[in-house]
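Below is one structure; the comments refer to it alone.
Keep in mind that the numbers below use all heavy atoms, side chains included, and drop hydrogens, waters and symmetry copies. By convention in this document, chain letters (A, B, ...) are assigned in the order of the sequence lines, proteins followed by strands, and residues within each chain are numbered from 1.
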Amino acid sequence: MATKKDTLLCSTIKLMRENGIPPSKIAIQKFIYFLLKKGLPLPYDFKMYIYGPYSSQLNFDLQVLEFSNTIEYQDQEYNIIEEINVPKKYFNAINDNILIFKEILPQIDFKSFELYGTVFYIMNALKRFSIELTFENIYKEFVGYKGQKYTQPEVQEAFQKIYGSNQDLFDSVQ
Amino acid sequence: MDLLKRIEAKYRYRDPIYGYIWLTANEKKIIDLPIFQRLRRISQLALTKHVYHSAEHTRFGHSLGVLQSASNIFLAMYRKNSAIFEEAFDENVKKYFKILRYAALLHDVGHMPFSHGIEKSLLEENVKHEHITQKIIEEDETISSLIRADEENINPREVSSLIIGETIQQLNILKKFISGELDADRSDYLLRDSYFCGVEYGKYDYSRYIHAFDLKKMESGGDYQIVIEEGSIPVIEAFLLARYHYNAQVVYHRTRIGYDKSLEKYAINLFERNTELKQKLTLHDFDFNFFTWFDDTTILSYAKNDYQNGEYWSKYIFRLDHLRPLEIVRNLNKLNRIYLNNIRRNLENCGFVAYEDFFDFRQSKNVHSLDEHEETDRDTFSVVKKSGCEEYGNIIENSTLLGKLKESPLQVGAIYVIPEKFNNAKKCRAEAFKEKIRHENA
């Protein structure tokens, strides 16, 4: 692996799998977004797309890794081809945060990734604009993106679980 | 009343692409700032002028062009259905139109000298010029105060969020105008770069293109989305084909890639010898005054000095020589990848040093990221059909050509060698070529 970025990407895929999370395209996008916001040094900018936060650069880098036979995409999941050692310096940062995010999600499925990824993005957006992090504000944004696709209790639960496990991210002064 | 009149865009700049670019008084004040005037000294295409000699245009013209193009697209959509815009933007379309314009105008203000050429070797890890742009918009006193002084009560963060980072839902609609598959940035540089390079490759029917889009509230959810009218699919295809050919003939021109590599190499050496340059561009200790005067001429000044002192890589900056393409392939299939790897192996066995004596370049680039599979979460545009009732399909489903383009990425693989060692390198290539023929015949 030539770059630190490639190493971190492959380490994430490996540790997701070891922790029982199939590395599908949507799963990787949402987990990498979460890891990025928790401080993992990756160069991705995420925008809100149809199913939540998404980075086209991340998608491109995964394609490059696939192209160089470092990873493969089979049965809608990524697998590592070349065995890698996760750098000690980043092992806890990746593994512990994968577990935190996994714990938050009600299921490891497309719906949970979309819902929790979107709520997490909205929380970060409101923080950026110094808008108070109340459920009312979050739900208003959420409905703006998703309409009535998810119920209010579902969105509320997502907000409470994300906030509960990540107060360090959202309680700091803007 | 027309939106341009409502925002009082009454100052005009002549432009070879659009005829005129219309600006408000506040936008004109921003343009007059030293930190924006700096863009006149940042070349749009780095050393491409060594290949296409008229490619001397700068980020200044491009920035004004993106403002005009984003405005044209927005206005075309607004004129079709102003009611939905008023609904989407809480009856405050004027404010959001201005935010879009500020973002379009300032989207490249944080670019490094020679545009993308030296960014990696100059900025901190994981920091891109967009982060610098964000910093300037939000923290440079001259720019941020002018944005705040706008009568629409605009927060600089609203502007910067269209360029990088998270944004709120209403601004998210505008983000696609600045950075997406079919955005104003691409729509401008394709035409502008083609004009100044003197090529036809990036040209497409712009007048038709800006009318291809519409704003719709999706039935499936709350989101407002930019959609494409069914009758506009041919112009979208033409746009993406133009992009394909432009990339193939300009961006991945065989000699231009060599200049990119030599510029990169010169820059790495330069900044290793002059670490104070990097220190003034960290996000934590960013020196706005230094940045205002840090441009192409700064690098050229160093390069002139270095050339006169015998530094090796500076000669390429002045086109006194160029890296020689030892081999170029336009298809990165398995056979060609092995072939290039074998050339590389042979060169190393003959004592050539990678990234000193030779450079290995590989790129595989999809011409678009519009995708039919919803799970991939790509930049999917819905298509509005006009057949009595409106239906929504995906653009890929409605275009065989775009589906085929997705299957055929633009690919380039190349090995470049410094001119002094080119003749010796040729035999390394010859041996690898023989192996390739053997494989093909096996």
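The aromatic rings of Phe361(B) and Tyr252(B) sit tilted relative to each other, their planes meeting at an angle between 30° and 60°. The aromatic rings of Phe120(A) and Phe34(A) sit tilted relative to each other, their planes meeting at an angle between 30° and 60°.
Neither the backbone nor the side chain of Leu162(B) comes within contact range of chain A, judged by heavy atoms closer than 4.5 Å. For Phe142(A), no part lies under 4.5 angstrom from a heavy atom of chain B. Within the 4.5 angstrom heavy-atom criterion, atoms from both the backbone and the side chain of Glu158(B) approach chain A. Leu332(B) touches chain A through backbone and side chain together, each having a heavy atom under 4.5 Å away. Looking at Ile122(A), there are no atoms closer than 4.5 Å to chain B (heavy atoms on both sides), in backbone or side chain. Within the 4.5 angstrom heavy-atom criterion, no atom of Tyr150(A) approaches chain B. Heavy atoms closer than 4.5 Å to chain B are found in both the backbone and the side chain of Tyr121(A).
Side-chain contact check for Ser364(B) and Gln411(B): at least one donor-acceptor pair (N or O, by modelled atom type) lies under 3.5 Å. Under 3.5 Å, the side chains of Glu138(B) and Ser160(B) contain a donor-acceptor pair of N or O atoms.
None of Tyr49(A), Tyr33(A), Phe60(A), Tyr44(A) except one satisfies the ring-ring contact (aromatic ring centres under 6.0 Å, His included) rule with Tyr54(A); the exception is Tyr49(A).
With chain A as the partner, the residue from Gln170(B), Lys365(B), Gln134(B), Arg362(B) showing the most heavy-atom pairs under 4.5 Å is Gln134(B).
Judged by the 6.0 Å distance and 45° axis criteria, Lys25(A) is positioned over the aromatic ring of Tyr73(A).
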